[in-house]
Protein chains: 2
Amino acid sequence: MATIDDVAKASGVSKGTVSSVFSKKRPISKEVTERVLAAAKVLNYKPNYWARSLANKSTRIIGLNIQGEKFKFSQFHLSLLNGVLSVCYEHGYRLLVNTLSHSYQNKLEHMVTGPANGEILLNPESEDERIIERLSGDVPIVLIGRPSSDFENHISYVDNDNVSMTEQITRYLLDLGHRNFLFLNAPKDRTVAVDRARGFLAAVQEAGLPQSSYRIVYKPDPDNSSLDFGYETTLKALQANQAITAIIADTDTMALGVYKAAESLRINIPSQLSVFAFSDDSVFSPEFTPPLTGVRLHAERLGREAAVMLIEQMTGNVNTVKRTIVPTDMVIRSSCAAPITNFGGN
Amino acid sequence: MATIDDVAKASGVSKGTVSSVFSKKRPISKEVTERVLAAAKVLNYKPNYWARSLANKSTRIIGLNIQGEKFKFSQFHLSLLNGVLSVCYEHGYRLLVNTLSHSYQNKLEHMVTGPANGEILLNPESEDERIIERLSGDVPIVLIGRPSSDFENHISYVDNDNVSMTEQITRYLLDLGHRNFLFLNAPKDRTVAVDRARGFLAAVQEAGLPQSSYRIVYKPDPDNSSLDFGYETTLKALQANQAITAIIADTDTMALGVYKAAESLRINIPSQLSVFAFSDDSVFSPEFTPPLTGVRLHAERLGREAAVMLIEQMTGNVNTVKRTIVPTDMVIRSSCAAPITNFGGN
DNA sequence: TCCTTTCATTAAACCGGTTTAATGATATGG
DNA sequence: CCATATCATTAAACCGGTTTAATGAAAGGA
């Protein structure tokens, strides 16, 4: 590949002039510009990205960091990614998807500053090493999801209001007459799981339900299939406890597992079992039989807001900590109904 | 951020020694290694990615290039992405998602070599400028999908056998008794659309169908919603031509559009209308009502194979052109059936 | 003991750009 | 007509690493 020196020599000018022609940071006479451009075309010269980044101290790369050994993108991530990408596109940034597991990143030979100029971290955990690590660097980060409270005032983030959202949807189910719940939650170390559990508990305790009439099961391993987890947990729970009339699932894929479990137990949804899911904006939710009632998290907007926030932090040197709450809305379809027999509680 | 010089000074050794400690490319005595590492820790030093890339002429970044102004990831891309990512992960590569439109990339200020060390190009077109552009550079590329025949012997690619696959599924529909087809195809400039059209035509012509009894509609704009295209095209076509009994859709999202159109016309699937889709491995396909019959393209495997092939080209300096055909398989569910009345043709 | 080999370390050159300070040429003003 | 301001251009320093050739010390051989 031709270098800037080759072009300089070929067109009889200095390096600096060629540089200016391409970066347009300094005016160059039209005549010279044309001569340089012509030489560049002949030599098939293109400025080297790395050299440029080194000198400029700026790649235009945004990192999207997702933890997980065998991470698989879900519908939710898909929408989120689309949101991030659209903003990246508008501002001429590139997106680097980084799913390297933490253990890998910590190996000495990989202790390197990343290529990204800013990072979006997904699925923050209560004690998230990634955050601590990033804090000492000078790459601005934005979280999607709430950080642990230690960092809440130090890091900008975008999130739904998981606590009150879950409280609200639990009340909805309570109002329908349900008194026996199974809550299939996200992995326990995620802050989102903590928040949703809080909202759920607030509602059921407000309603005066005894501890025996609700159970929260956390997805054990983030790398497991949500579908299987939903299926197996539901199967066991329903076999062990006939009283359960409502299941809240963390994702629509998990809800699909619930559907399948109900089917194999010949339990009808919604007459015998109500199913609710924290869904994304998936086009497929309406296609469940019966169509899935859930809450839209607006994953795409989460992604957009996070990207906008990050770019703001990267360009303006403002160090202000910001928070954006993306509103959610319930979409009532037909997977939730009043339980068959309801003698007024438990 | 601390630089290598700071560490060298702090630990009383030279730049080169510090470099060797981190890169392990030259043995350094244990004593010195520890001293350097200690100093690095104190200073919170991490080797700079860009400087390293410049000197090494190697990022460990793979680019995934998708054309489209307002590109949105679909289920298919999702699976594909998961496949690519899993391989990237295994080999310690990072993935750069590049959806910059072509016009943007061609602007002078963006005429730069990319940060990637190898690229995967999606959705190749008959006359794909991206390929020509890449050919002159020294970044190896791998396509997912067939390139135009001019390049077929110069570029490695991974693909399904679209021609015979489409021929096969068309025969399946013919065997069911269908004689009047609508084929909702991908955008015309994609090679995949050409191949599928070829397979389709081969089958219908072999069956001796007159031109009037089948129609291929190409999705006009790649940036449009597949759902809307499926819906609107189906609606118009069925209103104009009652004889149509079978629709082949390019994607499952498009098929969803067909379902909705059928619903609004009160046409029953599959008794009045059979629907077939080139689907990915979506967990949602079984959830269509009725469950969608289609062909699995194994998007994840397409992604995996492409990534493996690319890394092979990047590391081994082999310049051999390879091709991998990922097999497909039909999944017969219940959206296709014999047409109600079939008097033996047309 | 002296000479050669082995080994860790270093100074300096290099990767391919950007940027600063200096230079020379032209335009402006008194 | 000379002094000054304006402008395009350049040489050299710089970004932060890696690598080569040179150096000096310790080990091995005669």
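Remember, predicted model here, so these are calculated numbers, not experimental data. Per chain, numbering begins at 1; letters A, B, ... match sequence-line order.
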Legend entry - Distance, rounded to the nearest Å, where B/Leu54 contributes CG and D/dT19 contributes C1': 13 Å
Legend entry - Straight-line distance of A/Ile4 CD1 to A/Lys15 NZ, nearest 0.5 Å: 7.0 Å
Legend entry - From D/dT19, C/dG17, D/dG16, nucleotide with atom closest to A/Thr3 side chain: C/dG17
Inset, instruction - Remember a base hit wins even if backbone is also touched, and classify B/Val32 as base, sugar-phosphate or nothing at under 4.0 Å, heavy atoms. - result: sugar-phosphate
Legend entry - Among D/dT10, C/dT18, C/dA8, the one nearest B/Pro27 by side-chain distance: C/dA8
Legend entry - Nucleotide of C/dG17, D/dG16, C/dT10 approaching A/Lys57 most closely (side-chain heavy atoms): D/dG16
Legend entry - Integer-rounded Å distance: C/dG17 P and A/Asp5 CG: 8 Å
Inset, instruction - Assign A/Ser29 to base, sugar-phosphate, or nothing according to its heavy-atom contacts below 4.0 angstrom with the strands shown. - result: sugar-phosphate
Inset, instruction - Round to a whole Å and report the spacing from CH2 of B/Trp50 to P of D/dC15. - result: 14 Å
Legend entry - Base of D/dG16 paired with side chain of B/Lys15 (donor-acceptor, under 3.5 Å): no
Inset, instruction - Compare the minimum distances between each of D/dT10, C/dT18, D/dG17 and the side chain of B/Ala55, then state the nucleotide with the smallest one. - result: D/dG17
Legend entry - Nearest-neighbour nucleotide for the B/Val13 side chain, D/dG17, C/dT10, D/dA11 considered: C/dT10
Legend entry - Proximity to the side chain of A/Ile4 - top-ranked nucleotide from D/dG17, D/dT10, C/dT18: C/dT18
Legend entry - Value in whole Å for how far the P atom of C/dA8 lies from NZ of B/Lys24: 16 Å
Inset, instruction - Under the salt bridge (Lys or Arg N to Asp or Glu O under 4.0 Å) rule, what do B/Glu90 and B/Arg304 come out as? Steps first, then yes or no, please. - result: CA-CA 11 Å; B/Glu90 286 161 19; B/Arg304 291 191 61 87; 3.4 Å; yes
Legend entry - Steps toward salt bridge (Lys or Arg N to Asp or Glu O under 4.0 Å) verdict (B/Glu312, B/Lys322): CA-CA 11 Å; B/Glu312 201 175 288; B/Lys322 293 196 176 184; 2.6 Å; yes
Legend entry - CG-CG distance between B/Asn56 and B/Asn117, expressed to the nearest 0.5 angstrom: 10.0 Å
Legend entry - Euclidean distance, atom CZ of residue A/Arg26 to atom P of D/dT6 [Å, nearest integer]: 18 Å
Legend entry - A/Glu300 backbone acceptor or donor facing A/Asn82 side chain under 3.5 Å: no
Legend entry - Residue whose closest nucleotide on DNA chain C lies nearer the 5' end, A/Ala2 versus B/Gly12: B/Gly12
Inset, instruction - With heavy atoms under 4.0 Å as the rule, sort A/Tyr45 into base, sugar-phosphate or nothing. - result: sugar-phosphate
Legend entry - Check: B/Phe22 ring centre within less than 6.0 Å of B/Tyr45 ring centre: yes
Legend entry - Separation of atom CD in B/Glu31 from atom C1' in C/dT9, rounded to whole Å: 12 Å
Legend entry - Length of the NZ-P vector between A/Lys9 and D/dT10, whole Å: 14 Å
Inset, instruction - Quickly work out the A/Asn48 CG to D/dG17 P distance and round it to whole Å. - result: 17 Å
Legend entry - Residue B/Arg52, side-chain atoms from C-beta onward, closest of C/dA8, C/dT19, D/dG17: D/dG17
Inset, instruction - Using a 4.0 Å heavy-atom cut-off across all strands, classify B/Lys30 as base, sugar-phosphate, or nothing. - result: nothing
Inset, instruction - Could you please name the option among C/dT18, D/dG16, C/dT10 that lies closest to any side-chain atom of B/Thr17? - result: C/dT10
